[in-house]
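Counting convention: from 1, in listed order, for ligands and their atoms alike.
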Amino acid sequence: MAVAEKAAQKQAQPKETTNPYESMIQRFDVAAKIIGLDEETYNILKTPQRQYVVSLPVAMDNGKVQVFEGYRIIHNTSRGPSKGGIRYALEVNQDEVKALAAWMTWKCAIADIPYGGAKGGITVDASKLSLGELERLTRAYTRAMVDVFGVDKDIPAPDVATGPREMAWIVDEFSRMQGSFQPGVVTGKPLHLGGSEGRVEATGRGVNTAALEAMRQMRLDPRKATAAVQGFGNVGSISAKYMEDAGLRIVAISDHTGAFSNSKGISIGDAIKYRNANNGVLKGFTGGKLISNEELLALDVDVLAPCALENQIRQANAADVKAQLIVEGANGPTTAGADKILQEKGIIVVPDILANGGGVTVSYMEWTQNRFGYYYAEDEINKRADRSMSRAFENVWAVGKKYKVSMRIAAYIFALEKVAKAVQSRGHY
Ligand code: GLU
């Protein structure tokens with residue numbers, strides 16, 4: 001290893017931050033130093049290309065107008081139109097969306113799909129809005145972004161608290177304003193509106209594929225392994241289901257209403273049924289003993305899959321993690337400060353920008369199907385998505401071996417080299 005590389009790794013213990021953008025930059029800096037990225041490209045990639053902040057007045061059911069804040073941040077479009085989801089959450093803020101947008105740039109490069117990265121969000125607790133209010137808010141956001149979104153420009157998708165229903169409203173509002181049906185402007189649509197087979201399951205399916213690839217490298221038999229899954233939304237519940245089908249015993253699950261453990265294994269099918277019949281939450285679930293979220297993260301399991309929100313594994317609790325393998329279904333669940341502690345403990349972390357790339361991979365297939373007007377069967381989609389995830393895993397694994405770095409830094413190096421090349425060959429004035 002070159003002296004400069006060693007020096008870069010030595011500086012790798014950054015100060016703890018829970019600001020997702022700073023957390024992203026800390027890893028980006030380490031990767032940039034290792035590959036000797038030139039200053040111009042570094043500065044270009046450090047900051048997002050465009051940031052939109054909009055105010056969204058919405059007529060509420062009580063007759064009053066409430067103003068919400070919405071964001072769309074385009075990090076980079078060197079490799080293609082920008083791609084990334086839209087989240088509805090009270091925690092949504094500009095720095096979070098900036099980080100999530102950059103992570104999409106890296107994620108698309110790792111998944112080898114020809115997109116740049118973007119992310120959107122609205123600061124709102126969607127569970128407090130009526131269906132009509134949600135629809136009016138989504139349409140207001142789409143109108144505010146009509147010059148930003150576009151089939152060849154910027155293509156949103158679901159993220160936290162959004163799904164096919166919201167995507168259908170976006171297609172409709174956008175198409176009305178353009179005067180023609182534009183299904184390719186968003187992905188994650190309902191099947192009957194140009195959605196793709198396999199898209200709903202895609203992120204969870206990919207998380208499981210990534211977990212199995214890691215377990216193969218670690219010589220860990222899935223049929224003898226246990227797992228704890230944090231988060232029981234689209235990503236967590238479907239990841240857990242696929243892992244269960246692969247033979248893992250899922251001994252704990254959780255959502256924001258509670259965590260549940262059962263050393264004999266939790267039936268994920270039953271948990272999904274319970275959640276669906278219980279307003280979408282696990283509260284009151286009897287398939288396991290009630291524990292805290294912190295206890296779930298510290299369980300003595302083989303695999304830990306954080307599939308909820310950012311900053312779950314931090315400097316303060318990283319030493320308590322007993323899993324041998326962490327597979328990040330969520331974006332940014334581990335702080336940069338926790339990375340080093342996990343690495344010192346010998347824990348393999350399959351990072352978010354690799355592990356949850358299955359979603360955007362099938363989004364890409366949805367978009368190409370919309371453009372072709374020809375639709376593939378589910379087994380075809382799944383086969384391609386599985387192959388793509390395995391290849392991405394192998395690529396990152398190989399970079400990790402080459403530079404003797406964690407999979408996290410390897411993923412950043414792999415992505416950065418690819419995006420930097422696109423930036424440099426396109427040129428800038
Ligand atoms: N929101 C998802 C993610 O974070 C999916 C993005 C997409 O499909 O464009 O990867």
Side-chain angles (χ1 to χ4, degrees), residues 20 24 71-77 79-89 92 96-122 145 148-164 166-167 170-171 183-190 194-207 210 231 233-236 238-239 306-310 327-333 350-370 381 385 388-389 392 411 415:
M24 189 286 293
Y71 303 90
R72 185 73 182 168
I73 296 184
I74 297 178
H75 173 256
N76 191 269
T77 55
R79 297 184 61 257
S82 51
K83 187 86 192 78
I86 298 167
R87 69 169 53 177
Y88 291 176
V92 164
E96 184 195 46
V97 182
K98 260 166 82 174
L100 290 161
W103 282 327
M104 286 309 303
T105 303
W106 315 136
K107 198 185 294 185
C108 292
I110 292 167
D112 200 24
I113 52 180
Y115 287 138
K119 200 80 174 196
I122 303 177
M145 297 296 174
V148 179
F149 298 164
V151 180
D152 290 308
K153 272 162 70 180
D154 178 45
I155 308 133
D159 199 76
V160 174
T162 59
E166 286 74 17
M167 300 307 114
I170 295 175
V171 172
V185 74
V186 291
T187 59
K189 299 178 290 293
S196 176
E197 295 286 354
R199 176 62 186 88
V200 170
E201 299 80 13
T203 311
R205 188 180 174 92
V207 168
N234 170 282
V235 180
I238 296 174
S239 300
C307 301
L309 292 169
E310 293 100 52
V327 187
E328 297 184 337
N331 290 310
V350 186
D352 46 7
I353 52 177
L354 167 62
N356 69 37
V360 74
T361 299
V362 177
S363 275
Y364 169 57
M365 294 188 220
E366 178 175 332
W367 179 79
T368 58
Q369 291 172 92
N370 294 150
I381 301 276
S388 165
M389 176 56 78

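- A side-chain hydrogen bond (donor to acceptor under 3.5 Å, both in side chains) with T105 is found for one member of K119, R79, H75 and no other, namely H75.
- Of all non-hydrogen atoms in E201 and I238, the two that sit nearest each other are O-CG2, 3.7 Å.
- Scanning the protein heavy atoms around atom 7 (C) of ligand 1, the nearest turns out to be A157 CB, 3.3 Å.
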Report all side-chain donor-acceptor pairs from residues 106-116 shorter than 3.5 Å, counting only partners two or more places apart or in another chain.
{"unit_1": "K107", "atom_1": "NZ", "unit_2": "N331", "atom_2": "OD1", "d": "3.0"}
{"unit_1": "K107", "atom_1": "NZ", "unit_2": "N356", "atom_2": "OD1", "d": "2.8"}
{"unit_1": "D112", "atom_1": "OD1", "unit_2": "K418", "atom_2": "NZ", "d": "2.9"}

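- A donor-acceptor contact closer than 3.5 angstrom is absent between the side chains of T162 and R87.
- Not one N or O of N356 is nearer than 3.5 Å to an N or O of ligand 1, by distance alone.
- The closest side-chain donor-acceptor pair between K83 and T187 falls under 3.5 angstrom.
- Here the shortest heavy-atom distance to atom 2 (C) of ligand 1, taken over P158, G120, G357, G117, belongs to P158.
- For N370 (side chain) and G194 (main-chain N/O), a donor-acceptor pair under 3.5 Å exists by modelled atom type.
- Between V160 and Y88 the shortest side-chain heavy-atom distance does not fall below 4.5 Å.
- Proximity of N331 to ligand 1, defined as any heavy-atom pair under 4.0 Å, is confined to the side chain (atoms from C-beta onward).
- The distance from ligand 1 to the heavy atoms of K107 drops below 4.0 Å at these ligand atoms: 3 (C), 4 (O), 10 (O).
- At a 4.0 Å cut-off, at least one heavy atom of R199 sits close enough to ligand 1 to count as contact.
- Protein heavy atom nearest atom 8 (O) of ligand 1, with residue, atom name and distance: S363 OG, 2.6 Å.
- Within the structure, ligand 1 has M104 among the residues with a heavy atom less than 4.0 angstrom away.
- Shown in contact with K119 at under 4.0 Å from a heavy atom are these atoms of ligand 1, numbered in order with element: 1 (N), 3 (C), 4 (O).
- Among protein heavy atoms, the minimum distance from atom 9 (O) of ligand 1 is reached at K83 NZ, 2.8 Å.
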